[in-house]
Protein chains: 2
Amino acid sequence: MSFPPRYRTPRARSRVEAAGAESRAKAVRAAVELFSTAGYRGASIALVAEKAGLSQSGLLHHFPSKAALLAAVLEHREAEDGRFLSGTDDRPPLGWAAFDALTGLVARNSNRPELVGLFVRLSAEATEPGHPAHAWLRDHYTSTQSWLTDAIRDGQHRGEIHPDAPITALVHLTVAVLDGLQQQWLLDPDDIDMVDEFTTFVSGLHSQWDTTPTTSSTA
Amino acid sequence: MSFPPRYRTPRARSRVEAAGAESRAKAVRAAVELFSTAGYRGASIALVAEKAGLSQSGLLHHFPSKAALLAAVLEHREAEDGRFLSGTDDRPPLGWAAFDALTGLVARNSNRPELVGLFVRLSAEATEPGHPAHAWLRDHYTSTQSWLTDAIRDGQHRGEIHPDAPITALVHLTVAVLDGLQQQWLLDPDDIDMVDEFTTFVSGLHSQWDTTPTTSSTA
DNA sequence: GTCTATAGCCGGATAGAC
DNA sequence: GTCTATCCGGCTATAGAC
């Protein structure tokens, strides 16, 4: 990552420091909310500050620039999701289990519109090379892709997934489905059940590439 | 649509009017380029004007506001794509042929990064109810969805598509794949061949729901 | 139809008091 | 750590000359 400074969570000393940490946390939460609706460009630090109960300069005391605030937001989100996909600290899910893990992620996202909005908007904005989250976005995609690629490859080696399955296409399509469903869901949450749709997609993959014809594995 | 005024292409009278039309067209082209990279919010009318070879006020003479410029851009794009999907003025493609038409659209988009960028960015921005393109975006999705829904339903009636095929899920997934592939392609055009990936997706649908087991229909 | 000039707002960021 | 005050720049939009 090529982001400005770092923001280590402090090791809690005096009462004063605790207050500072609190403000910082509130600011990040507020930033997530606003970036997720208005996007990075569309949300002003003044608004974020207000929502966090600080003045604009108060906020800028914790984050030297708007980009730095964004960096903190991204670290925060990344931490949450990363933890989620690697299971509970053991080895990452492999083979079809990886798709089940993704289904779980979709289910979780269905209850967190802010995170979905944040991601959808940043993905679109940060496609431009100059954007402060551009590097993050590339990292995000490549790591997701390699995570899923490894999982599928492993499934093939263990004879769970058909050896003819076109790995890179499956990876790209799966990621596309995830992103695309979020986009639609954001536009009209009532029109679409992301978990249902994604499950349908995955069972389609099963019916084509599963070596052990189980009708559905994700209940 | 709830957009401000209208911009009829003039019926070409005097030399003066011709010049005006020319400027207007140049402005729309420039706006497409800039909106497609920086987004609507991110691009300023001053920049659009410069790119079109006008002053900022000169541009605003043709379009009373920035939102009006956006409206013109959307009309322009909509016209192009609508024409494309309804074939050459005859009835819209039905059954599997609809998916072939979509493949054609993807192929065309592969050569028009500006249109893809425009759409990806606006889709993300305009998810917010307040955005000037919000109504357009909803229209766009619902009309695409109903177009594809009709096509699939017709394919079922003619016995070309299996009656158990889950229509709405297929529609949502197909749209998701289209959007998601564009997003990935925009981030790294060399990493992904949209036509290949989409074709793989469609042949997956065939293998699951085609009643006449032809291996591939999209070459 | 196109320009210059300008109003008026809002954005990010800095200086410095408390 | 938090505030007020302020600078500076960019933005949309308007007024009015040519």
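Below, read A as the first sequence line, B as the second, and so on, with proteins coming before strands; counting in each chain starts at 1.
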Choose from [options] the nucleotide whose nearest atom is closest to any side-chain atom of [X].
X     : options               : result
A:K66 : C:dG12, D:dC3, D:dA13 : C:dG12
B:L60 : D:dA13, C:dT2, C:dT14 : D:dA13
A:S23 : D:dT12, C:dC3, D:dT2  : D:dT2
B:Q56 : C:dC3, D:dA13, D:dT4  : D:dA13

Separation of atom [atom1] in [X] from atom [atom2] in [N], rounded to whole Å:
X     : N      : atom1 : atom2 : answer
B:L54 : D:dT12 : CG    : C1'   : 17 Å
A:L47 : C:dC9  : CG    : P     : 17 Å
B:L70 : D:dA13 : CG    : C1'   : 17 Å
A:R41 : D:dG10 : CZ    : P     : 14 Å
A:L34 : C:dG12 : CG    : P     : 11 Å
B:H62 : C:dG1  : NE2   : P     : 6 Å
A:E22 : D:dG1  : CD    : C1'   : 13 Å
B:F63 : D:dT12 : CZ    : P     : 15 Å

For [X], which contact category applies under a 4.0 Å heavy-atom criterion: base, sugar-phosphate, or nothing?
X     : result
A:S44 : sugar-phosphate
B:I45 : sugar-phosphate
B:A49 : nothing

Does the C:dA13 base have a donor-acceptor partner in the side chain of A:S57 within less than 3.5 Å? no

Using OP1 and OP2 only, check whether a side-chain N or O of B:H61 sits under 4.0 Å from D:dT14. no

Side-chain heavy atoms of B:L137 within contact of B:L122, under 4.5 Å: no

In the structure I gave you, are the side-chain heavy atoms of B:F119 and B:E114 within less than 4.5 Å of one another anywhere? no

So, applying side-chain contact (heavy atoms from CB on, under 4.5 Å) with B:M194, which one of B:V106, B:T103, B:V177 is it? B:V106

Quick one: are the ring centres of A:H206 and A:F99 less than 6.0 Å apart? no

Does the side chain to side chain contact (heavy atoms under 4.5 Å, CB included) test come out yes or no for A:D193 and A:W185, once each step is laid out? CA-CA 8 Å; A:D193 183 323; A:W185 180 70; over 6 Å; no

